[in-house]
Every structure is written in structure tokens, then in C-alpha cells.
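For this chain, numbers begin at 1 and follow the sequence in order.
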Amino acid sequence: QVQLVESGGGSVQPGGSLRLSCVHSGNPASEYCMGWVRRVPGKEHEGVAVISTTGAVRSYSASVKERFTISRDNANNTLYLQMDSLKPEDTAMYYCVADRAPCIPRVSVVGNYNHWGQGTQVTVSS
């Protein structure tokens with residue numbers, strides 16, 4: 001049974017930074033593509049970033065490219081999302097997601113991944 005637990009959310013001013021973490025337990029994280037999806041109440045969820053099992057392939061949505069960086073530490077079964085230059089429109093609940101290989105490390109499909117965490121809230125406001 002895969003369990004994903006996020007942390008690192010919070011409130012920050014525009015232009016600030018946050019780093020989200022997600023600990024993957026159960027089967028080894030190295031067997032899974034992993035990513036981040038965000039959701040705002042009343043709107044469709046948005047795939048933000050995804051990373052392949054080895055970390056060799058990374059994909060970002062256009063809205064966060066050049067500002068967010070996804071990475072993973074398979075030795076510690078942990079996924080990260082470094083968020084810089086945050087904007088008010090980045091405010092959302094952020095979910096860690098995972099899909100067992102063979103998997104597609106493309107941000108357009110990350111919202112269909114099978115395993116989801118409980119989410120961590122990110123609020124960007126002055």
C-alpha cells in the first residue's frame with residue numbers, strides 16, 4: 001500500500017519561496033513516476049510538475065516553468081518541489097501524486113496518477 005505524505009506548505013508573500021516535500025512509503029519510490037498537482041476550489045486540478053523514476057525526465061506546466069523545480073531523492077523515498085518567485089495565482093492545495101512504472105512522466109497526464117497524498121496548502125498573498 002502506497003502512502004504519500006506532503007509537508008512544507010504555508011503562507012508567503014509574492015516573490016517568496018517555499019519547498020514542498022513528499023515522503024513515499026510502501027513500495028520503493030524508485031518504482032514510481034511522481035509529481036505535483038494543485039487544486040483551487042471550484043476549478044479543475046492542474047498538473048504542475050512530474051519526474052520520471054530515475055529523475056532523468058522532468059516536465060512542467062507552462063504556468064510554473066522557470067520558477068518551480070521538481071527533484072527526488074530515491075534513497076530517502078522523498079519528492080521535492082522548490083517554488084520560487086511565487087505569485088498569488090499559485091495559491092492552491094498541492095497534492096503529491098505517484099504512478100507505478102511503466103508510467104508516463106508528462107505533466108498533461110499527472111492528474112490521472114493512481115496515488116495521491118492528502119495535500120498541503122500554499123497561500124501567496126501580501
Are more than 12 heavy atoms, taken from residues, nucleotides or ligands other than E44, located less than 6.0 Å from that residue's CD atom?
no
Under the rule for side-chain contact (heavy atoms from CB on, under 4.5 Å), what residues qualify as partners of S25, not counting sequence neighbours?
Q3
Do L18 and I70 sit in one hydrophobic cluster, given that two such residues count as connected whenever their side-chain heavy atoms are within less than 4.5 Å of each other, even indirectly?
yes
Check the pair N27 / R100 against side chain to side chain contact (heavy atoms under 4.5 Å, CB included), numbers first and verdict last.
CA-CA 9 Å; N27 294 325; R100 197 167 190 175; 3.2 Å; yes
Quick check against the 3.5 Å criterion: does Q82 have a side-chain atom that pairs as donor or acceptor with the backbone of R19?
no
Measure across V107 and V110 and return the closest heavy-atom pair with its distance rounded to 0.1 Å.
O-CG1, 3.3 Å
About how many Å separate SG of C22 and CG of N77, when rounded to the nearest 0.5 Å?
10.0 Å
Are Y113 and M93 connected in a single hydrophobic cluster, I mean Ile/Leu/Val/Met/Phe/Trp/Tyr linked by side-chain heavy atoms less than 4.5 Å apart?
yes
Measure the shortest side-chain to side-chain distance between T53 and C103 over non-hydrogen atoms and say whether it is less than 4.5 angstrom.
yes
Between OG on residue S85 and CD on residue E66, distance to nearest 0.5 Å:
10.5 Å
Would a distance-only check, ignoring hydrogens and angles, find a side-chain to backbone donor-acceptor pair under 3.5 Å from Q13 to S126?
no
To the nearest 0.5 Å, how far apart are CG in L86 and OG in S11?
11.0 Å
Just by distance, do the side chain of T78 and the backbone of N76 share a donor-acceptor pair under 3.5 Å?
yes
Does the gap between the ring centers of Y94 and W36 come in under 6.0 Å?
no
Taking atom types as modelled and ignoring hydrogens, do the side chains of S17 and D84 form a donor-acceptor contact shorter than 3.5 angstrom?
yes
Decide yes or no for S59 and P105: does some side-chain heavy atom of the first lie under 4.5 Å from some side-chain heavy atom of the second?
no
Within one Ile-Leu-Val-Met-Phe-Trp-Tyr cluster: V122 and Y60, side-chain cutoff 4.5 Å:
yes
Separation of Y80 OH from R72 CZ (nearest 0.5 Å)
11.5 Å
Identify the two heavy atoms, one from H24 and one from V2, that lie closest to each other, and give their separation to 0.1 Å.
NE2-CG1, 3.7 Å
Do any N or O atoms from the side chain of S21 and from the backbone of S7 form a donor-acceptor pair under 3.5 angstrom?
no
A92 and R39 have their tightest heavy-atom pair at CB-O, 3.6 Å
Side chain to side chain contact (heavy atoms under 4.5 Å, CB included) for C96 and H115? Distances and angles first, verdict last.
CA-CA 8 Å; C96 175; H115 305 284; over 6 Å; no
Would you check if there is a donor-acceptor pair between the side chains of Y32 and D99 at a distance under 3.5 Å?
no
Quick one: closest heavy-atom pair of S63 and R38, and the distance?
OG-NH2, 3.4 Å
Candidates V124, V12, L20 - the one meeting side chain to side chain contact (heavy atoms under 4.5 Å, CB included) with M83
L20
Connected via hydrophobic side-chain network under 4.5 Å: L81 and I51:
yes
Non-hydrogen atoms of S61 and G47 that approach each other most closely
CB-O, 3.3 Å
When you measure from the side chain of T91 to the backbone N and O of T123, does any donor-acceptor pair fall under 3.5 Å?
no
Given the rule that I, L, V, M, F, W and Y join up when any side-chain heavy atoms are under 4.5 Å apart, are L4 and Y95 in one cluster?
no
I need the minimum non-hydrogen distance between M34 and A29, along with the two atoms involved.
SD-CB, 4.3 Å
Under 4.5 Å between any side-chain heavy atoms of P88 and P14, yes or no?
yes
